[in-house]
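The next block holds one structure in the form of structure tokens; read it before the comments.
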Amino acid sequence: MNDLTQCVLTPEVPTKGFDPLGVGVHRASTIVFKDAAAYASRGERGHEGYSYGLYGTPTTRTLEAKLTSLENGFWSFLTPSGQSANALAVMPFLAAGDHILIADTAYPPMRDLAETDLRRLGVDIEFFDPQSPEDVAAKMRTSTKIVWCESPGSTTMEILDLPKIASIAHGYGALVGVDNTWATPLNFKPLEHGADIVTEALTKFVSGHSDVLMGSITIKDEALLKPIRSLIGRMGIGVSPDDASLVLRGFETLGVRLRHSERVGLDFARKIERHPLVQQVLHPALETFPGHALWKRDFLGSSGVFSIVFTQEASAHISAALDTLKVFAIGASWGGTRSLAAPMSIDGFRSATAWYGPDVILRLSIGLEDEEELWADVERLLADLDTRSQTSAQDASLAAVHKG
Ligand SMILES: *Cc1c(COP(=O)(O)O)cnc(C)c1O
């Protein structure tokens, strides 16, 4: 073979005896076929075969297989982010005139997708009270195609009675989808509690290092495979093997990271709960949390993400007090090694229920730093909030005296 041809062709090298623990990064767009007949019949290779890099490589299939097994599903698809997984989990099943019911506490971009795109396409959208299966029953229609759940709810952590909601939805022939990002498949297995579809933002705890975006959709049975797979193909959506390899790397330590975050997070939640400026700590593993019994019945553990509802006076100072933090970083996309704090606004993202607390609450994600240093940071934040609240109360009473 001439040099120029040799430059292009890949020589065969032995792979026998090369048995690494990790999976290789298989980069490919083109897949070649051993003969013309294999090329002509490539469409018959199905979801398990390889025909084009966009539809899967051994690297992405390895990650899909790991998810399918942990979720106890039939098949998994990878998408470029958690939100794209949510969107692609519902889009194949909706047409003009159909109805979708969405938990009022769903991840806000999911609300936005419904209110903007699904509505524009003629889908009837409606939100339900996540704590009321009765509300789901009252809002079901014969045209309802999907009941979209997230448990616990984004930021405010409401636990859904998934088995009950699923049995109501299935009575109308509707599918049940669950965004399981908070729990990960280690702490909750929605397909075993009535869901038909489960999505994960692998971006968060599963990849675990705040350096990659990815989502997954796992389906319970084969009937759901074709609608999702073909829409993903028509939309030209796939993930890179390099990113999948990062997620696979993170996945190996998910168990220990999650257990650590769970332990430290719950300890902090219990201590924070006793502070006079705190109205409530929203953490499903706290015995005082309204959804605790359901969480205990269905979940296998908790994760290190929870929220703090401060008193009305203190909540006005959350943003200013964040600047006292030395170890926690200020940021939203949780589940990494670095602990995060983020003020979250709730009022604008509820329509079927009324949020009872102050609009802004504080969400914490517990990472892997030294827990005493982290706790010192929390104490600094609470002390700063205390000072600011007292100063503003004094100012207010002084102003009242001057007026009087
Ligand atoms: C972050 C998050 C998502 C979206 O994940 P991205 O990868 O950032 O798109 C979806 N659902 C929940 C519950 C999340 O917290």
Side-chain angles (χ1 to χ4, degrees), residues 60 63 67 71 76-91 102-114 117 127 130 146 148-160 162 177-188 190 195 197-218 232 235 237-240 243-244 246-247 250-251 254 258 261 265 282-284 291 295 299 302-307 329 331-336 338-346 349-350 361-367:
T60 57
L63 178 53
L67 286 159
E71 307 271 19
S76 299
F77 303 93
L78 300 177
T79 68
S81 67
Q83 176 53 19
S84 61
N86 287 348
L88 288 161
V90 301
M91 293 297 273
I102 301 172
D104 208 30
T105 48
Y107 182 61
M110 201 52 183
R111 290 185 77 91
D112 199 10
L113 176 88
D117 301 286
F127 295 91
I146 299 191
W148 186 257
C149 304
E150 182 178 329
S151 185
S154 264
T155 308
T156 45
M157 305 285 166
E158 293 81 356
I159 301 286
L160 278 64
L162 188 60
V178 178
D179 180 335
N180 194 42
T181 300
W182 180 86
T184 83
L186 294 191
N187 282 333
F188 187 44
I197 302 173
V198 55
T199 61
E200 307 280 352
L202 304 173
T203 308
K204 307 282 174 59
F205 277 113
V206 175
S207 69
H209 294 72
S210 314
D211 55 1
V212 61
L213 285 148
M214 200 172 293
S216 64
I217 305 169
T218 303
I232 288 178
M235 306 228 6
I237 287 166
V239 306
S240 91
D243 286 351
L246 280 177
V247 177
F251 221 140
L254 175 63
L258 207 54
S261 298
L282 306 174
H283 189 313
W295 171 81
F299 285 64
S302 61
S303 69
V305 175
F306 62 96
S307 303
S333 192
W334 44 263
R338 182 78 189 267
S339 295
L340 294 180
M344 306 293 292
S345 172
I346 307 298
F349 302 106
R350 302 285 182 268
I361 67 177
L362 183 67
R363 190 177 65 199
L364 298 182
S365 171
I366 304 302

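Read the numbers this way: they start at 1 and go in the same order the structure lists the ligands and their atoms. Hydrogens, waters and symmetry mates play no part in the numbers below; they use all other heavy atoms, side chains included. We're numbering straight along the sequence, starting at 1. Keep in mind the model is a prediction, meaning the values are calculated, not measured.
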Answer yes if the side chains of Ser81 and Gln83 hold a donor-acceptor pair under 3.5 Å, and no otherwise.
-> no

Between Ser307 and Arg363, is any side-chain donor less than 3.5 angstrom from a side-chain acceptor?
-> no

Taking both backbone and side-chain atoms of Ser84, is any N or O found less than 3.5 Å from an N or O belonging to ligand 1?
-> no

Answer yes or no on whether Arg111 is positioned over the face of Phe127, meaning its NZ or CZ is under 6.0 Å from the six-membered ring centre and within 45° of the axis.
-> yes

For atom 10 (C) of ligand 1, the option (of Thr79, Asp179, Asn180) bearing the nearest heavy atom | Asp179

What pairs with Phe188 under ring-ring contact (aromatic ring centres under 6.0 Å, His included), at least two apart in sequence or on another chain?
-> His193, Phe299

For ligand 1, indicate whether the residue Trp182 contacts it via side chain, backbone, both or neither (heavy-atom separation under 4.0 Å).
-> neither

Atoms of ligand 1 under 4.0 Å from any heavy atom of Thr203, numbered from 1 in the order shown, are 6 (P), 7 (O)

Go through the steps to decide whether Ile346 and Ile361 satisfy the test side chain to side chain contact (heavy atoms under 4.5 Å, CB included), and finish with yes or no.
-> CA-CA 8 Å; Ile346 307 298; Ile361 67 177; 3.9 Å; yes

Give the residue and atom name of whichever protein heavy atom lies nearest to atom 13 (C) of ligand 1, and the separation in Å to one decimal.
-> Glu150 OE2, 3.1 Å

Any sub-3.5 Å donor-acceptor pair from Trp182's side-chain atoms to Val305's backbone N or O?
-> yes

At a 4.0 Å threshold, what atoms of ligand 1 neighbour a non-hydrogen atom of Gly82?
-> 4 (C), 5 (O), 6 (P), 7 (O), 9 (O)

Per-atom contacts of ligand 1 with Gln83, taking only distances under 4.0 Å to non-hydrogen atoms | 4 (C), 5 (O), 6 (P), 9 (O)

Look at atom 14 (C) of ligand 1 and say which protein heavy atom is nearest, naming residue and atom and giving the distance to 0.1 Å.
-> Lys204 NZ, 2.8 Å

Quick one: which ligand 1 atoms are inside 4.0 Å of a heavy atom on Ser81?
-> 7 (O), 9 (O)

Please report, to 0.1 Å, the donor-acceptor pairs under 3.5 Å made by any side chain of residues 200-207, with sequence neighbours excluded.
unit_1, atom_1, unit_2, atom_2, d
Glu200, OE2, Asn180, ND2, 3.0
Thr203, OG1, Met214, N, 3.0
Thr203, OG1, Met214, O, 3.2
Ser207, OG, Leu202, O, 2.9
Ser207, OG, Thr203, O, 3.2

